[in-house]
Amino acid sequence: MNAMLAGFRGLAHYLNGVLGADAYEKYLEHHAASGHTDPPMTEREFWRDRNDRQDSNPQGRCC
Amino acid sequence: MSTMPDGKPRSAGLDDGPTPDPALPAPSVDEAVREAEERKWTPAKIALWVAISLLGAVAWFMVAIVRGETVNAIWFVFAAVCTYLIGYRFYSKFIERHLLRPNDRRATPAEYKADGKDYVRTDRNVLFGHHFAAIAGAGPLVGPIIAAQMGYLPGTIWIIIGVVLAGAVQDYLVMFFSMRRGGRSLGQMAREELGVIGGTAALVATLLIMVIIVAILALVVVNALAESPWGVFSVGMTIPIALFMGVYLRHLRPGKILEVSLIGFVLLLAAIIGGGAVAGTEWGAALFTLDKVTLAWALIVYGFIAAILPVWLLLAPRDYLSTFMKIGVIAMLALAVIVVRPEITVPAFSEFASRDNGPVFPGALFPFLFVTIACGALSGFHALISSGTTPKLIEKERQSRYIGYGGMLMESFVAIMALVAAISIDRGLYFAMNAPAALTGGTVETAAAWVNSLGLSGVNLSPGLLSETAANVGEESIISRTGGAPTLAVGLAHIMQQFIGGTAMMAFWYHFAIMFEALFILTAVDAGTRVARFMLQDSIGNLVPKFKEHSWRPGAWLCTAVMVGAWGAVLLMGVTDPLGGINTLFPLFGIANQLLAAIALAVCLAIVAKRGSFRYLWIAALPLAFAAVVTITASYQKIFSATPAVGYFANNAAFSKALAEGKTSFGTAKTVAAMEAVVRNTMIQGWLSVIFVVLSIIVIVTALAATVTSFRNAAKGIPNADHEDPARASRVFAPAGLIPTAAERELMAQWDKLPAGQRFETARRH
């Protein structure tokens, strides 16, 4: 049962990575590691900022 | 930090890269240790590769040589997988070792430009999935099916051999060179390496090619959804579902992407099931039965609105759904082909393999088979994805082989499975579905009679089978459903029903397949329009600076309208074409895509020459030469062929002459208006072919010139200007491939022992 749970967790973690859902965690990690003194963006601010950047820098999707 | 003397030609000896931080464990496996590991052949390793080679050889023998009544689908899988494994282990390793020479002591852009947003070190397996989701779409599900007109073998060989020697090489080279340049785009690299003329030609060609590709993908969707109330309803429902997901992520639970994707996926399944019920009602059928022209206009209006709406509202959520569906599609194809293992009765070479007048697409096997199957074997569009996003996320240089080369092998595998699924259907059915209505006549009786008149061996199609199949998949008719998508959907439904649900479930599987193809294509249409609009804005911005401001609404809207207008015009041309849009336009799609590949490979060739790797120039030159010969020959025939079915201008002349003689019907065009449409369309298509090929030749010639210059400089001992970012010392380590080697595991253990504070410190503070 535990192994199954761990498997599911691993899958969810992987899917989150592929979908880019872990972007905020990575941002916080980077923020902490790079020695910024100002507080990081909140989760809501981060996703807004991310979408705004996608708006002005679109990425192609293949055929 | 960089100890690399500037201007030193990189070809001179093994460059060791920057000096690593002595306080940290090594950022790369010791060269001698890696070398020893790679060169050491243990008996187990030898046995494994002998087994893979033998299995591959047997599989190829079964697929290509044995001429039984049928061939089992599983042999296609073995032939493909064994060839991929050998290509990956030996050829891509050869390219890595001799041509690219990645250096893990160098930091990647994700490390030295780390900003927590665009440049983020990403786990290699996650990035593999991410990159695959970005490159794979409807292309590999469509081209191989259309090409099946020639029989299964030419397509199978081209997909498997083509990817190993051309497609995956292109993706790998472009990704590596872009990574060394901080994630620069193909256009920027072309400009740097080829100068103003080559760079501008590459930019204009890319823009035009994108228009064509978007238009023809849209045509595939229109053909799949026309006169299909079920399809229109369920695909239409993806719009409100995506809007809901967008609002949910923006206002309710930001960042909960997996959660909202699961909700969206369930809603999507509900829309597919609900579509059957809606299409069964009188109002549903009346409301959602749309003809091709109406659908095309709907798609054009939709394309414009979608491209000016903010990304969070429609594009991003649908992208999540689309990624989810990709996983579903692979699972379904694997189930269908590997678990069910259907028998294939299609001949290896069909009667049309040696002719140039096939009903699905015209032209001889060489070169047209090689342009019809672009995605899955060699797709230029990938060069746009492989430069840009992915290189900004790679953690270590050596991972580019796994992600770039390996990712493309995966797409090729999807193409093979799609081909097998589609050719598992009755051959008569295949031709009835994929020939234009002008030939099949549109009714079950005329279609069956026409297919039987082709004189194909073993084909005896009854009208009953056509109407029965249509009823099983919940459609009014399946005749002349060109574009490949419906054929794959029927093939998948046919296989899946043997596995789950029987004929009662066939309609669900069919519409599930249509749904994912439509979803992929709509995402590509959306994203393509946006990217093209930005390219146009930047180009106009060179003359009118105001256009460079991307937030300036009038400029954005005007450029979006221009781009949508351009692909919309081609789309309308396709749906109204009396010859059947796919038949005339699909070759243009393939030519466009592979000309882009030729452009990308030409840029790679120039870079390889600048790096001084003349001995291994052929690695880029070989696929470039092939792509150039295929596309230029195909373009030449499309422009100059005297056969009206093949040559655009020959067709134009034939119809112009008929009009001048006062005829009111000619060939497949039954009215004067239709004849005038043919004259107009062939003229536009012909000139598009001319422009594409001229631009591509300019790019190739400038690349060859750059290569010769590099060669001369090297002979004289003058260093070539290098556009790579300066080398910086890496302060992280990660394994190169899927499974870490013993040496990599040892090094990882050293890094794991490091205190957390020290481990993720970035080299650059700000």
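Every chain is numbered from 1, with letters handed out A, B, ... down the list of sequences.
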Visitor: Looking at every non-hydrogen atom in both residues, tell me the closest pair between A:Asp55 and B:Arg530 and how far apart they are.
Guide: OD1-NH1, 3.6 Å

Visitor: Under a 4.5 Å heavy-atom cutoff, which of B:Ile385, B:Leu217, B:Ile327 has the most pairs with chain A?
Guide: B:Ile385

Visitor: Return yes if some donor-acceptor pair links the side-chain N/O of A:Asn51 with the main-chain N/O of B:Val311 below 3.5 Å, else return no.
Guide: no

Visitor: Check A:Phe46 against B:Gly116 and note the closest heavy-atom contact, atom names and distance.
Guide: CE1-O, 4.4 Å

Visitor: Measure B:Leu309 against the heavy atoms of chain A and call it side chain, backbone, both or neither at under 4.5 Å.
Guide: backbone

Visitor: Please state whether the side chain, the backbone, both or neither of B:Phe381 comes within less than 4.5 Å of a heavy atom of chain A.
Guide: both

Visitor: Can you name the closest pair of heavy atoms from A:Ala21 and B:Leu258 and give their distance?
Guide: CB-N, 4.5 Å

Visitor: Heavy-atom pairs under 4.5 Å with chain A - which of B:Thr323, B:Asn593, B:Asp526, B:Asp319 has more of them than the others?
Guide: B:Asp319

Visitor: Any sub-3.5 Å donor-acceptor pair from A:Lys26's side-chain atoms to B:Arg121's backbone N or O?
Guide: yes

Visitor: Return the OH to CD1 distance between A:Tyr24 and B:Ile257, rounded to the nearest 0.5 Å.
Guide: 13.5 Å

Visitor: Pick one of side chain, backbone, both or neither for B:His251, based on which atoms fall under 4.5 Å of a heavy atom in chain A.
Guide: both

Visitor: Which bit of B:His382 is near chain A, if near means a heavy-atom gap under 4.5 Å: side chain, backbone, both or neither?
Guide: both

Visitor: Which atom pair, heavy atoms only, marks the closest approach of B:Ala527 to A:Gln59?
Guide: CB-O, 3.6 Å

Visitor: Tell me, out of B:Leu384, B:Thr529, B:Thr389, who's got the most heavy-atom pairs with chain A below 4.5 Å.
Guide: B:Thr389

Visitor: Does the side chain of A:Leu19 reach to within under 4.5 Å of the side chain of B:Phe324, using non-hydrogen atoms?
Guide: yes

Visitor: Using non-hydrogen atoms only, which part of A:Asp22 is less than 4.5 Å away from chain B: side chain, backbone, both, or neither?
Guide: neither

Visitor: With a 4.5 Å heavy-atom cut-off, do B:Lys256 and A:Glu43 have their side chains touching?
Guide: yes

Visitor: Quick check on the interface: out of B:Pro140, B:Ala524, B:Ser551, B:Pro254, who has the most heavy-atom pairs with chain A under 4.5 Å?
Guide: B:Pro254

Visitor: Output the residues of residues 2-15 of chain A for which the shortest heavy-atom distance to chain B is under 4.5 Å, in residue-number order; output 'none' if no such residue exists.
Guide: A:Ala12, A:Tyr14, A:Leu15

Visitor: Which region of B:Ser322, side chain (C-beta onward) or backbone (N, CA, C, O), has a non-hydrogen atom less than 4.5 Å from a non-hydrogen atom of chain A, or is it both or neither?
Guide: neither

Visitor: I need the minimum non-hydrogen distance between A:Gln54 and B:Ala316, along with the two atoms involved.
Guide: OE1-CB, 4.4 Å

Visitor: Hey, does the side chain of A:Arg44 reach the backbone of B:Gly255 with a donor-acceptor pair shorter than 3.5 angstrom?
Guide: no

Visitor: Within the structure provided, determine whether B:Arg250 and A:Arg48 are in side-chain contact (heavy-atom separation under 4.5 Å).
Guide: yes

Visitor: Sub-4.5 Å heavy-atom contacts with chain A: which residues of residues 372-380 of chain B show up?
Guide: B:Cys375, B:Ser379

